[in-house]
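Order of the sequence lines fixes the chain letters, A, B, ..., with proteins taken first and strands second; residue numbering starts at 1 for each chain. Because the structure is predicted, anything quoted here is derived from the model rather than measured.
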2 protein chains.
Amino acid sequence: MLLTPFPEERLDPRVKRTRALIENTFNHLLEEKGFSAITVQDITSHAEINRATFYAHYADKFALFESILRARFRAEMDRRTLRTCTYDSHNLNALMETVCDFVALSASNCKGNDAQFEAIVEAQVRQQVQAILEHWAGQIWPEDPSFNKDRSTAATWAIYGLAQQWSQIKPQQRQPSSQFTKRVLPMALALLHAEPQTISQVG
Amino acid sequence: MLLTPFPEERLDPRVKRTRALIENTFNHLLEEKGFSAITVQDITSHAEINRATFYAHYADKFALFESILRARFRAEMDRRTLRTCTYDSHNLNALMETVCDFVALSASNCKGNDAQFEAIVEAQVRQQVQAILEHWAGQIWPEDPSFNKDRSTAATWAIYGLAQQWSQIKPQQRQPSSQFTKRVLPMALALLHAEPQTISQVG
DNA sequence: ATGCTTATTAAACACCTGTCGGTTTAATCC
DNA sequence: GGATTAAACCGACAGGTGTTTAATAAGCAT
């Protein structure tokens, strides 16, 4: 299984309550003041939770945000693909659109263009995309796994970079993500299907 | 001029001294304990500088590190290319090798795989590479500047991603950067020379 | 219901951050 | 060389961090 959305462990209801409280408060504060302005103090006082309790669940506010992003992105991919773990051109298209929309949505929640914030979003999304593309590359090229890593890495970074660039254009001025994806998807495709020598050398 | 290596402003010798003291101490501490373990306290006490003086020169330790990285990378590119601002296949090769070696060297200074550290290196290097590739794309495709942005963005991210992936292989197990670059450079080339429609569609 | 376990709380801890007002010291300009 | 400008120092500040200890309370068995 590629993605394990819900471990669905039976958790102590206190733990469930506390985590939900923390995450909801965090999401609320994120829209209100942006990531860098949020302190653990903020979260715990608004959630009416002891500060030590926060640290019993998350190492710091970064770990909290990462966990939230991971869950959000997985849910979004599951919503947009039939079977995320099966490669076909429709799913690759869906992947890229998902990344575009996800990054754009995140950026809109980000007051003051916070570099920390963007780095965390990037790292999490890239990690998810890389896992999916490595899986897909294994289906396309069942042999020569070493170059599969290069293919999926190049495709992952190119896709994320393009999505991020697109997301930074003002919403009124940019074309919809579906159209943008259609325009640049050939690049990702070329990378995912690339062979070391067969790409034409251009001087 | 693409890169402005040395503004060579005439600086107050005190400023020069203080900045050199801070940067040298930082570099020393970086090798010793890694980025995340360094505090501004550390830097100023080892440099025998008042803490307030630090903040007169850099907003925080992140800004300091960014400034050091920027200077280092530019110096390295200038060392490895004849004219950085002119595109040819040799310079593209040199660019990729530079990124590989630069990231690998940085990573070796990174105790305990610090995510913050890596994010800063990535952001700085990507920014430099993007500027160079946009410039080069403008030379290759003097018309249709809008797709030039897509080309250079995709190439930048793919190059950085590949370099970063390579740099994380143990030095004994990976091939030298020159060989790795030779192997994956076609991918970067394809992106930089891509046209929206002409890349073959694969199902 | 009664114990056992585990989450949450409360209060304190040492430490770091970024900033400020006032002083001292070094560079620069005539 | 003496006046002027600006960098560097000093001490203090209000805040936040992450950790610890002991006490309390909630969940979960038998």
Residue-phosphate contact under 4.0 Å: A/H57 side-chain N/O, C/dT8 OP1/OP2: yes
Sugar-phosphate only, base, or nothing, as touched by A/T53 at under 4.0 Å among non-hydrogen atoms: base
B/R51 side chain, from C-beta outward: closest of D/dT17, D/dA8, C/dT19: C/dT19
Distance in angstrom units between A/Y58 OH and C/dA7 P, rounded: 14 Å
Donor-acceptor contact below 3.5 Å, side chain A/D114 vs main chain A/F35: no
Euclidean distance, atom CZ of residue B/F62 to atom C1' of C/dC16 [Å, nearest integer]: 12 Å
DNA chain D: 5'-proximal contact among A/P13 and B/R14 (nearest heavy atom): B/R14
Ring centres under 6.0 angstrom apart (A/Y160, B/W157): yes
Under 3.5 Å donor-acceptor, A/R151 side chain and A/A194 backbone: yes
Between C1' of C/dT6 and CG of A/L11, the distance in whole Å: 13 Å
Test item: A/Q139 side-chain N/O and A/Y87 main-chain N/O as donor-acceptor pair under 3.5 Å: yes
Residue whose closest nucleotide on DNA chain C lies nearer the 5' end, B/D60 versus A/E48: A/E48
Distance, rounded to the nearest Å, where A/Q116 contributes CD and C/dT17 contributes C1': 14 Å
A/A52 vs B/A52, nearer the 5' end of DNA chain C by closest nucleotide: A/A52
Protein-nucleotide distance (A/F54, atom CZ; D/dG18, atom C1'), rounded to Å: 11 Å
Between P of C/dT28 and NZ of B/K16, the distance in whole Å: 10 Å
Under 3.5 Å donor-acceptor, A/H46 side chain and A/D42 backbone: yes
Given C/dG18, D/dG16, D/dA7, the nucleotide with the shortest approach to the side chain of A/Q41: D/dG16
Nearest-angstrom distance from the residue atom OH of B/Y55 to C1' of C/dG21: 18 Å
Separation of atom CD1 in A/I22 from atom P in C/dA7, rounded to whole Å: 13 Å
Sugar-phosphate only, base, or nothing, as touched by A/N50 at under 4.0 Å among non-hydrogen atoms: base
